Amino acid sequence: MKAIKNPLKDERGGPLVEESLLLGLAVITISIVIAVIFQATGWAQNVVAGLLQLLEDSWNGVTHLLP
């Protein structure tokens with residue numbers, strides 16, 4: 001095996017480097033998916049809350065019409 005003269009120019013990577021990069025990409029991908037899911041469910045919760053508020057306001061309007 002040849003000795004490496006300049007370790008900064010060594011482009012070989014071991015299995016540990018490969019696994020670390022794959023693990024990092026997996027963590028980033030999972031965090032992006034979780035963020036998208038939380039944003040979508042937050043948006044859905046806002047829509048449902050708005051509809052419930054609209055129904056409550058409508059019901060209050062109807063009950064004030066009755067004697």
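As the structure is a prediction and not an experimental result, all values here were calculated from the model.
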Any chance you could measure [X], atom [atom1], to [Y], atom [atom2], to the nearest 0.5 Å?
X	Y	atom1	atom2	result
Leu21	Glu18	CG	CD	8.0 Å
Asn46	Leu51	CG	CG	11.0 Å
Ile37	Thr41	CD1	OG1	8.0 Å

Quick check: is Ile30 connected to Leu22 through a chain of hydrophobic side chains (ILVMFWY, heavy atoms under 4.5 Å apart)? no
List the residues meeting side-chain contact (heavy atoms from CB on, under 4.5 Å) with Gln53, not counting sequence neighbours, and say none if there are none. Glu56, Asp57
Sequence neighbours excluded, the answer for side-chain contact (heavy atoms from CB on, under 4.5 Å) partners of Thr29 is none
